[in-house]
Amino acid sequence: MIFSLTVYGAPFSNQCSDTAYQFASSLLKQGHSLHRVFFYHDGVYNGSVLATPPQDERNIQASWSQLAQQYDLDLVVCVAAGLRRGMLDETEADRYEQPAHNLASGFTLSGLGQMVEAAMVSDRMITFGA
Amino acid sequence: MTDTEHKKPKPKKLLFLNRRAPYGCSLPREALDAVLMASAFGQQVTLVFLDDGVFQLKKKQDPADIEMKNLSKTFAALEMYGVNEIYVEQASMQKRGLTLAQLLIPAQFIATQELSLMLEQQDQVLSF
């Protein structure tokens, strides 16, 4: 089955990002396909490479990046929701003349069209954090 | 039928479920952006307002003092985007003392049981 996930919650604030990650991880292990994970609303913070949790805690961003590398995943941070909240890649940082960028490897910034496209091509679209 | 038309995928039935009051949280605004995008992609869009979400459609919103953009103009533009399937859950409206006449765009009542049926008939439900 083809899945896509949307994630609205910020990591470490509530369970939503962890549950989404665990769900993604499980469905891939079971041989399903994951078309896209779309990070929207506060979910965009999942892609910040600057998150620095204590060493004895899980690092949610690092877990996503690792999963993306292992399964060649499409992790999309909504560009409009992301820019507002300070989630920038190098291109956007240049464009808006910002002093830094923080989008982790394995994540890309893209538009809401990616969310709609995921809804169109997936058998199941699951929302985390609504 | 031309070749292009033949290849065009059938629009999906996408239902947007809105459950939050219009301004304490940015999800209603972000939901509306997603609705417009889905409509631009030619999908079959349905909007349902449930719980405090019914307040999103109330007339005479003026969030200027809290420095928020008014959602009402975008709701008013939905018809232009071909989004006409707009429902408010009847019990949510009654609990909050709202009538259809107090809403800024035409919407239909839907009973809880009918809503369950409607959700089953969708290709995807997007919750906000």
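Residue numbering restarts at 1 for every chain, and letters A, B, ... go by the order of the sequence lines. None of these values were measured; they are calculated from a predicted model.
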Common cluster, [X]/[Y], ILVMFWY with side-chain heavy-atom separation under 4.5 Å:
X      : Y      : result
A:M115 : A:V76  : yes
B:L50  : B:F16  : no
B:L100 : B:L98  : yes
B:Y23  : B:I105 : yes
B:V88  : B:L117 : no

So how far is it from [X] [atom1] to [Y] [atom2], rounded to the nearest 0.5 Å?
X      : Y      : atom1 : atom2 : value
B:M37  : A:E117 : CE    : CD    : 12.0 Å
B:D123 : A:M120 : CG    : CE    : 10.5 Å
B:K12  : A:M125 : NZ    : CE    : 11.5 Å
A:Y40  : B:D33  : OH    : CG    : 4.5 Å
B:S26  : A:R84  : OG    : CZ    : 7.5 Å
A:I126 : B:S127 : CD1   : OG    : 10.0 Å

Side chain A:Y8, main chain B:L27, donor-acceptor under 3.5 Å: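 Absent.
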State whether the side chain of B:Q43 and the backbone N or O of A:A119 hold a donor-acceptor pair below 3.5 Å, judged by distance alone.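 No; judged by distance alone, with no hydrogens or angles, the pair does not exist.
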Is it the case that more than 12 heavy atoms not belonging to [X] sit under 6.0 Å from its [atom1] atom?
X      : atom1 : value
A:D56  : CG    : yes
A:R124 : CZ    : no
A:Q22  : CD    : yes
B:Q121 : CD    : yes
B:Q102 : CD    : yes

For B:F128 and A:T6, run side-chain contact (heavy atoms from CB on, under 4.5 Å): C-alpha distance rounded to whole Å, both residues' side-chain angles, the deciding distance at 0.1 Å, then the answer. CA-CA 11 Å; B:F128 288 90; A:T6 51; over 6 Å; no
Side chain, backbone, both or neither: which part of B:R19 has a non-hydrogen atom closer than 4.5 Å to chain A?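 Looking at B:R19, nothing touches chain A.
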Heavy-atom proximity to chain A below 4.5 Å, by part of B:E30: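 The answer is both parts of B:E30.
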Chain B contact via A:D42 - side chain, backbone, both or neither, heavy atoms under 4.5 Å: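 Neither part.
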If every non-hydrogen atom of A:H41 is compared with every non-hydrogen atom of B:C25, which pair is closest and at what distance?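 Distance-wise, the nearest heavy atoms are CE1-SG, 3.9 Å.
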For a quick test of reading the model, state the closest non-hydrogen atom pair linking B:V125 to A:T127 and the distance between them.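 In terms of heavy atoms, the two residues are closest at O-OG1, 4.4 Å.
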Find the one option among A:C78, A:A80, A:G129, A:G113 whose heavy-atom pairs under 4.5 Å with chain B are most numerous.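 Between A:C78, A:A80, A:G129, A:G113, the count favours A:G113.
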